[in-house]
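Data first, discussion second: the structure below is written as structure tokens.
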Amino acid sequence: LNQASAEELGTGEGAVVVTGSCGRLGKRLVRRLHRVREVIGIDRKPFVDRPSDVVHHELDARSKKVREVFKNGVGALVHLGVMHLPRGDFAEHHARNVIVLKTLLEHVVEFRVKKVVLLSSANVYGPRPDNPQFLTEEAPLLGAGPFGEIRDLVELDMVCQSFFWKEPAVETVILRPANILGTVKNAPSNYLRLPMVPTLLGFDPMVQAVHQDDVVTALLRALTPGLRGIYNLAGPPPVALSRALSLLGRRTVPVPHAIARLGIDRLFRLGVSSFPAPELDFIRYVCMVDDSRARSELAYSPAHDIESTLHAVDEERWVGSAV
Amino acid sequence: MNTRTALARLTDVATQQGVPFVRRLVEGARRAAEELELRLLGPDFESRARVLFERDGGSDPFGFDARTARQAAAVSAFFHRMYFRTEVYDVDRVPAGRVLLVANHSGQIPIDAAIIGCALFFDANPPRVVRAMVEKWVATLPFVSTFFSRVGQVVGVPENARRLLEMGELVLAFPEGVRGVAKPFMKRYQLEEFGHGFMRLAMESQTPIVPVAVIGAEEQYLSFGNVKWAARALGIPVFPLVPQLLVPGGALPLPTKYRLFFGEPMRFEGDANDDARVADNAYVVREAVAHLLRRGLLQRKSVFF
């Protein structure tokens, strides 16, 4: 079932609809997927250097026309188009993300799409002082507490989970990767790209990171016919945050937590920093996952070691065809 | 030239008597330091410390760091050998492989855990690293949380203990929890109720349990009770009333004599989901610890010697 070799990863019947196909991760997925399978991209942005056999729809995911895309027979849906704008209006942001997913899932049922893959995140578990060192898929999703944006992600994950139970005919896969590092624009990669990295004085949690290409591989593996479930993705063995930063050769500034909290909050309000203050907990407490299920059932194993995963954040970001 | 001869005589004195004197002094100080080090760390410290470095090659998922652990061992050796002059009985009863140590908890700050760690590092053959289950609140403390994880301590949730036991580690649990540490002086050596989590783990993973009695820790800080409202206001688990803290130097624990008694390994079988069975077994272990405590207290002539 899951012994697909590297060449035939992602094969299956019918086209794959990829939402958020122009994101940095989306592009990487599309570039690998279109070699084995028909790909239809949906994104608000134009796909500038699109491979010629990829169909691209420049659509807002809320648009009625998305239904038309599904009409012509679709084999799988990969949902990457989750909006993360820490500064946006929270209510609108939330409604948008949740409504988009729910509508997409309606299309999936209506047109009998066989597979749905949602890229969630290990952050849905939340960094907490009483976390076990490695969280399994059964752990409660407590990340929502103090974090606005993660609340969105938790709800998306939950919508997908109830869909998983409600529609046994659809093979639903939820991937919860640890911090994705690479040219992607997400909080952990942006944090590691800072020229001077602030850390919390006296705190040095163990951290996990996954290379963006390992996540793409996992997404392809998730498309294997017959596979359904929730999978954590952990990447290479964890390291202490301080070790990660020294491997990257970053200069660090340890700041006491109380001061950091006030300062980051001020900076965020002023629009100088894009890190909301509650995210400090990610460099304070552990939030690591146990991915043994993905390793046995998805045959997932990260190809990148910790050094190349970390150094991926420094790769050239502005070359479009880097894959 | 009077001054010149005077100076010459001065250099004579400096080279012929001063230098050898200083050299003797330095030599003496070095020998004393070496002797102290030998007395503290023992002749085989380096070979024991090698165990720390060999055990995982720097990839412990809980953040254990051999270098920090080695330093911590050297510092706690002072407390283990000189300050508390620990006497360790029957440490060879701890079997190889995964083991759960269950001990009484006391003393306002968990020095008992450090001393048990020392006993298994300095007095057991081969030396072993103890992974103690730590109160969750500790993870919110800067420095302490980092230091604890570097020396192998782990946040006390069942998932972590299960993983450590699977790794074949030596896990130390205090089923009394915070209630034990915060015990007032009047209640010394009276065991609080045991939690049942440790027994559930031992039964499902068929891990032998070694009961441990720690004697001496309960007198190190004289606590006259716990101010609950102050603890709640400060967001900490307990606020013990310890008058000795007001005396200069009173922050150090009293130099009581520590005695550690290791019991025979106990094995439990059966369904770990059977709560009544788990509770019964936990009670059996509690009685075993209580028995070791009684025996130790009868044997002891003085708190300090």
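Every chain is numbered from 1 and lettered A, B, ... according to where its sequence line falls, protein lines coming before strand lines.
- Closest approach of A:Arg284 and B:Thr140 over heavy atoms only: NH2-O, 3.3 Å.
- Among residues two or more places apart in sequence or in another chain, the ring pair (Phe, Tyr, Trp, His ring centres under 6.0 Å) test is passed with B:Tyr83 by B:Phe79.
- Within 6.0 Å of CZ in B:Phe78 there are more than 12 heavy atoms belonging to other residues, nucleotides or ligands.
- At a heavy-atom cut-off of under 4.5 Å, chain B is reached by A:Pro129, A:Asp130, A:Asn131, A:Pro132, A:Gln133, A:Phe134 from residues 129-138 of chain A, listed in order of number.
- Using a 4.5 Å cut-off between non-hydrogen atoms, the part of residues 141-161 of chain B that approaches chain A consists of B:Leu141, B:Pro142, B:Phe143, B:Ser145, B:Thr146, B:Arg150, B:Val155, B:Val157, B:Glu159, B:Asn160.
- A distance of 12.0 Å separates CZ in B:Phe64 from CE in A:Met206, rounded to the nearest 0.5 Å.
- For A:Phe203, the parts lying under 4.5 angstrom from a heavy atom of chain B are both the backbone and the side chain.
- In terms of heavy-atom pairs under 4.5 angstrom with chain A, the leader among B:Pro61, B:Ala139, B:Gly63 is B:Pro61.
- Interface with chain B: from residues 241-265 of chain A, no residue qualifies, criterion being any non-hydrogen pair under 4.5 Å.
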